[in-house]
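Okay, so here's the structure we're looking at.
Side chains included, hydrogens not; waters and symmetry mates left out as well; all remaining heavy atoms used. Whatever order the structure lists them in is the order used to number ligands and atoms, beginning at 1.
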Amino acid sequence: MHSYSLIAPAKINLYLEIIGDRPDGYHELAMLLQSIGLTDRVDLRANGTDQIRVRCDDPEVPNDESNLAYKAAALMVGEFPESFNRYGGVDISIEKHIPMGAGLAGGSADAAAVLVGIDLLWNLGLTQSEIQDLAATIGSDIPFCVMGGTAIATRRGEFLAPLPSLDNLYVVLAKYRSIGVSTAWAYKTYRQQFHTAYAKDADDLTDRRQRVHSGPMVEAISKRNGKRIGELLHNDLEKVVLPAYPQVDSLKREMFQLDTLGVMMSGSGSTVFALVESKGQAEIIQQQLRHRIPDEDLGIWVAPLIANGIRLVHSADL
Ligand code: C5P
């Protein structure tokens with residue numbers, strides 16, 4: 001029997017445009033996603049029972065079926081019943097560093113690690129693309145968390161086109177620990193307010209997707225032009241989240257005063273990130289922000305942009 005330890009990186013949205021409605025109730029998106037070096041650690045081992053057990057060092061993380069990591073394991077049990085009968089249940093232990101309700105895909109990253117880990121634990125030999133297809137059935141962000149790096153994401157966010165890596169830049173992330181935003185609420189509110197601007201038909205949708213593929217942000221990323229990327233950061237969800245969460249709005253304004261390449265909310269928030277050129281600059285911005293907002297509820301992290309998704313760091317025979 002084996003145990004596996006995996007590193008699960010958070011993501012930020014360099015670009016998030018809501019381009020239309022979908023018949024399944026989700027939204028058609030055009031996004032640019034980026035992995036960052038703020039990571040959870042996920043350990044998996046066979047437990048010799050017929051159960052999935054999830055533990056986390058953060059007591060606020062649920063350890064029942066509502067945890068995406070649990071859902072990922074349950075999905076594998078359903079898909080590969082013979083392997084489950086042969087190898088038995090799994091203990092999943094999560095060391096949490098990625099804040100929750102943050103727009104950083106922390107739960108999705110853990111779920112992605114569970115899918116990759118169970119593939120190893122049960123000797124399934126799945127390809128990355130097969131793992132991503134399974135991932136898409138439990139969450140729109142999870143396929144990207146498996147693959148990582150820099151990518152264009154369309155449809156629900158699960159359809160990915162990789163881009164050259166941007167591992168020369170850093171981010172400073174800031175989040176009020178007590179403020180979490182519900183992703184479902186953010187999209188629902190956006191639909192109520194802005195649905196008249198959605199794509200009118202399939203051709204319009206294709207056009208809007210294409211505009212992102214051939215647009216200035218993808219060009220800036222291809223040229224690794226940090227200054228231009230900073231200018232082009234965009235997130236449609238800011239239009240509904242910032243008015244509803246004045247503290248997040250004023251956090252963004254404070255960060256905007258500092259010497260960065262650009263400032264933007266990630267996903268549905270409540271994290272606001274600043275893009276910067278170096279680790280040294282990131283640490284200066286971190287200190288300046290701490291000085292401007294000396295509130296213990298505000299978490300501030302520094303992380304590099306990274307070129308990988310789920311990474312195996314340790315395996316052992318038990
Ligand atoms: O796919 P996931 O469970 O991460 O999505 C969380 C929520 O965000 C969904 O329930 C849905 O309300 C909203 N969403 C959406 N369109 C997407 C992705 C997410 O409306 N493309």
Does Glu28 come within less than 4.0 Å of Arg208, counting only side-chain N to carboxylate O? no
What I want to find out is whether Asp91 reaches Arg53 closely enough, with some N-O distance under 4.0 Å, to be called a salt bridge. yes
Could you tell me whether some N/O pair between Tyr187 and ligand 1 is separated by less than 3.5 angstrom? no
Any salt bridge linking Glu219 with Lys223? Criterion: basic side-chain nitrogen under 4.0 Å from a carboxylate oxygen. yes
Using a 3.5 Å cut-off on N or O atoms only, is Arg155 in polar contact with ligand 1? no
Asp141, any N or O under 3.5 Å of ligand 1 N or O: no
Hey, are Lys96 and Asp57 close enough for a salt bridge, meaning a charged N less than 4.0 Å from a carboxylate O? no
Which ligand 1 atoms does Arg156 reach within 4.0 Å, using its non-hydrogen atoms? 17 (C), 18 (C), 21 (N)
Output yes when Lys239 and Asp236 qualify as a salt bridge under the 4.0 Å nitrogen-oxygen rule, no when they do not. yes
Between Tyr198 and His195, what is the ring plane arrangement, given parallel below 30°, perpendicular above 60°, and tilted in between? perpendicular
Nearest heavy atom to atom 1 (O) of ligand 1: which of Gly157, Ser140, Ala184 does it belong to? Ser140
Numbered atoms of ligand 1 (with element) below 4.0 Å of Leu29, judged on heavy atoms: 17 (C), 21 (N)
Test of understanding: given a 4.0 Å heavy-atom threshold, classify the contact between Tyr26 and ligand 1 as side chain, backbone, both, or neither. both
Any idea which protein heavy atom is nearest atom 16 (N) of ligand 1, and the distance to it? His27 N, 2.8 Å
